[in-house]
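Shown next, in structure tokens, is the structure this report addresses.
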There are 2 protein chains.
Amino acid sequence: MTDPSDAAIASADGRGERRSIPDATVARLAVYLRALTALAEQGTVTVSSEELASVAGVNSAKLRKDLSYLGSYGVRGVGYDVALLVERIARGLGLTRGRAVALIGIGNLGHALAGYGGFATRGFRIAALLDADTSRVGELIAGLTVRHIDELAEIVRSEQVSIGVIATPAQAAQDVCDRLVEAGVTSILNFAPAVLAVPEYVDVRKVDLAVELQILSFHEQRKSLRTRSRRRAGLEEVG
Amino acid sequence: MTDPSDAAIASADGRGERRSIPDATVARLAVYLRALTALAEQGTVTVSSEELASVAGVNSAKLRKDLSYLGSYGVRGVGYDVALLVERIARGLGLTRGRAVALIGIGNLGHALAGYGGFATRGFRIAALLDADTSRVGELIAGLTVRHIDELAEIVRSEQVSIGVIATPAQAAQDVCDRLVEAGVTSILNFAPAVLAVPEYVDVRKVDLAVELQILSFHEQRKSLRTRSRRRAGLEEVG
DNA sequence: TAATGTGAAGCTTTTCACAGCC
DNA sequence: GGCTGTGAAAAGCTTCACATTA
């Protein structure tokens with residue numbers, strides 16, 4: 001908690017507290033990090049903004065601007081050192097000390113999340129699996145024993161949990177959320193299809209499968225409408 | 001395919017093709033739809049922008065502007081008719097004809113997605129479960145038999161699949177994506193932690209658990225940095 | 001009167017384009 | 001010569017505030 005290297009993040013350029021990184025940039029930094037890790041694994045040492053942008057699926061100007069919020073870590077005429085950039089982004093995102101995550105709701109989705117290897121490799125540690133259903137308590141999943149949700153507050157304290165993941169049915173989500181907030185958790189990732197009410201100091205991100213599909217559905221519809229309009233327009237132009 | 005009611009979407013206001021709905025609005029419309037469905041279930045007939053906004057977690061001006069892209073369906077001094085709005089949003093998002101979805105990759109996550117009830121209730125139909133692993137082929141999940149990925153093209157044609165969901169490991173994702181595109185699928189929801197390369201006419205949305213956690217991690221970090229800076233600033237102000 | 005619908009203002013994000021540096 | 005870093009312009013999104021209307 002008093003690691004001096006952390007203070008450097010806020011003032012890495014030596015001119016006091018850095019201007020906050022835009023939300024849109026933060027989301028992309030996480031994607032760049034994944035791409036860079038893959039590049040590092042296959043032995044790439046240096047990468048240009050053009051190359052990295054193409055791998056990450058953005059344009060190079062945006063990538064350069066995004067990286068510039070972390071500081072000036074590129075070399076003109078050369079590009080970026082992959083290992084250095086991985087380190088800087090990880091630090092910028094606060095991934096240097098494997099944050100503890102509590103996963104609540106061990107149904108189908110909870111099982112899948114518990115078994116997801118990406119947690120450990122990408123800066124997180126599952127500290128606990130919790131469920132309200134006593135018949136699930138005691139089950140062993142991915143090396144962890146499912147515990148009862150009533151133990152939440154104690155676990156959050158002892159394991160220093162800073163992120164809660166809600167994978168319960170929608171009806172249970174707000175209650176679980178309240179318990180997390182009560183226990184002192186200030187970041188929540190919500191997979192339940194429900195909007196959570198939280199104090200303003202708590203961050204919530206949500207993943208809703210049906211919403212994602214509905215967004216795709218909208219664009220699908222526009223594709224077919226466009227085709228039809230073009231057809232109509234074509235006929236009109238002839239006349 | 002020649003349902004005349006669809007043409008009305010593009011020109012519902014009688015003044016020719018409507019200006020395209022902003023992406024940010026489309027994403028929220030899906031959330032409003034969920035909230036409205038819940039309200040309808042509990043018997044609410046009419047709702048004001050203020051009420052609906054609060055349930056959906058946005059402010060009322062934004063909600064009204066979002067809804068205005070669909071047309072003028074509110075009543076001044078009264079609010080919105082819940083059932084009418086559900087219908088208009090569903091139509092606006094293209095949810096009127098249960099789109100067929102193919103789910104590829106029946107591991108932990110694939111199982112969870114296959115068992116997710118929200119598909120059917122929110123405008124979609126799982127047309128097929130597919131996997132490359134022959135030992136998984138034949139397994140029965142949620143009433144569907146897992147089939148081999150080589151059958152993809154045929155299934156897409158016969159079932160009119162318009163959306164593909166990729167739940168494979170990262171290494172397999174691009175190959176599966178290519179097969180989907182080849183088969184004529186133009187919308188893809190990708191759960192694999194990989195950036196997919198697709199032709200410009202194909203829409204891809206991605207869900208990456210680790211990216212979501214990393215975004216939360218960034219904000220967590222800022223919370224603790226802010227606290228520390230305040231502490232520091234406090235000391236300095238005293239001197 | 002109560003609440004919608006919407007121009008206009010303000011803010012954020014993206015893109016451009018090129019100076020600066022290795 | 002080649003590529004980064006970044007002001008400035010453009011585009012997109014949110015919020016304001018109020019005229020409008022049932």
Side-chain angles (χ1 to χ4, degrees), chain A residues 12-15 18-32 36 39 44-82 84-85 88-89 92 200 215 218-219 222, chain B residues 12-15 18-32 36 39 44-82 84-85 88-89 92 200 215 218-219 222:
Chain A
D13 58 2
R15 275 181 279 111
R18 172 186 308 294
R19 164 92 123 315
S20 166
I21 303 177
D23 287 350
T25 292
V26 171
R28 286 190 300 264
L29 285 174
V31 175
Y32 305 155
L36 285 163
L39 286 173
T44 307
V45 173
T46 292
V47 70
S48 71
S49 64
E50 202 72 56
E51 291 162 335
L52 180 54
S54 129
V55 174
V58 301
N59 77 47
S60 65
K62 191 189 278 180
L63 177 115
R64 288 198 301 279
K65 179 137 278 190
D66 284 343
L67 295 182
S68 77
Y69 288 103
L70 297 173
S72 266
Y73 300 122
V75 180
R76 285 158 204 253
V78 177
Y80 300 87
D81 181 275
V82 173
L84 177 67
L85 210 45
R88 292 301 169 178
I89 295 178
E200 49 75 30
I215 293 169
F218 170 77
H219 292 291
R222 283 190 61 237
Chain B
D13 58 2
R15 276 181 277 110
R18 173 184 308 292
R19 163 94 122 313
S20 165
I21 304 177
D23 286 351
T25 292
V26 171
R28 286 190 299 264
L29 286 174
V31 175
Y32 305 155
L36 285 164
L39 286 174
T44 308
V45 172
T46 291
V47 70
S48 71
S49 63
E50 202 72 55
E51 291 162 336
L52 180 54
S54 130
V55 174
V58 302
N59 78 45
S60 65
K62 190 190 277 180
L63 176 114
R64 287 198 303 277
K65 179 139 279 189
D66 284 343
L67 294 182
S68 77
Y69 288 104
L70 297 172
S72 266
Y73 300 123
V75 179
R76 285 161 204 250
V78 178
Y80 300 87
D81 180 276
V82 172
L84 177 68
L85 210 46
R88 292 301 167 179
I89 295 178
E200 49 76 28
I215 293 169
F218 170 76
H219 292 290
R222 282 188 63 236

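Since the model is a prediction, treat every value here as computed from it, not as a measurement. Chain letters run A, B, ... following the sequence lines, proteins first and then strands; every chain starts at 1.
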Heavy atoms only: give me the nearest [X]-[Y] pair and the separation to one decimal.
X	Y	answer
B:Tyr73	B:Leu84	O-CD2, 4.0 Å
B:Ser68	B:Lys65	OG-O, 2.6 Å
A:Val47	A:Leu52	CG2-N, 3.7 Å
A:Val58	A:Lys62	CB-CD, 4.4 Å

OP1 or OP2 of [N] sitting under 4.0 Å from any side-chain N/O of [X]?
X	N	answer
A:Asn59	C:dT15	yes
A:Arg64	C:dG20	no
B:Arg76	C:dT1	no

Of the listed nucleotides [options], the one nearest the side chain of [X]:
X	options	answer
A:Lys65	D:dT14, D:dG7, D:dG5	D:dG7
A:Tyr80	D:dC13, C:dT13, D:dT4	D:dT4
B:Lys62	C:dC21, D:dT15, D:dT21	D:dT15

From B:Arg88 atom CZ to B:Leu67 atom CG, the distance as rounded to the nearest 0.5 Å | 12.5 Å

Hey, what do you get for OH (A:Tyr32) to OG (A:Ser49), rounding to the nearest 0.5 Å?
-> 10.5 Å

In numerical order, the residues of residues 48-56 of chain A whose heavy atoms come under 4.0 Å of DNA chain C are none

Between C:dT12 atom P and A:Asp23 atom CG, what is the distance in whole Å?
-> 10 Å

Taking atom P of D:dT4 as reference, at what distance in whole Å does atom CG of A:Leu63 sit?
-> 8 Å

Nearest-nucleotide 5' precedence on DNA chain C, A:Arg28 against B:Val75 = B:Val75

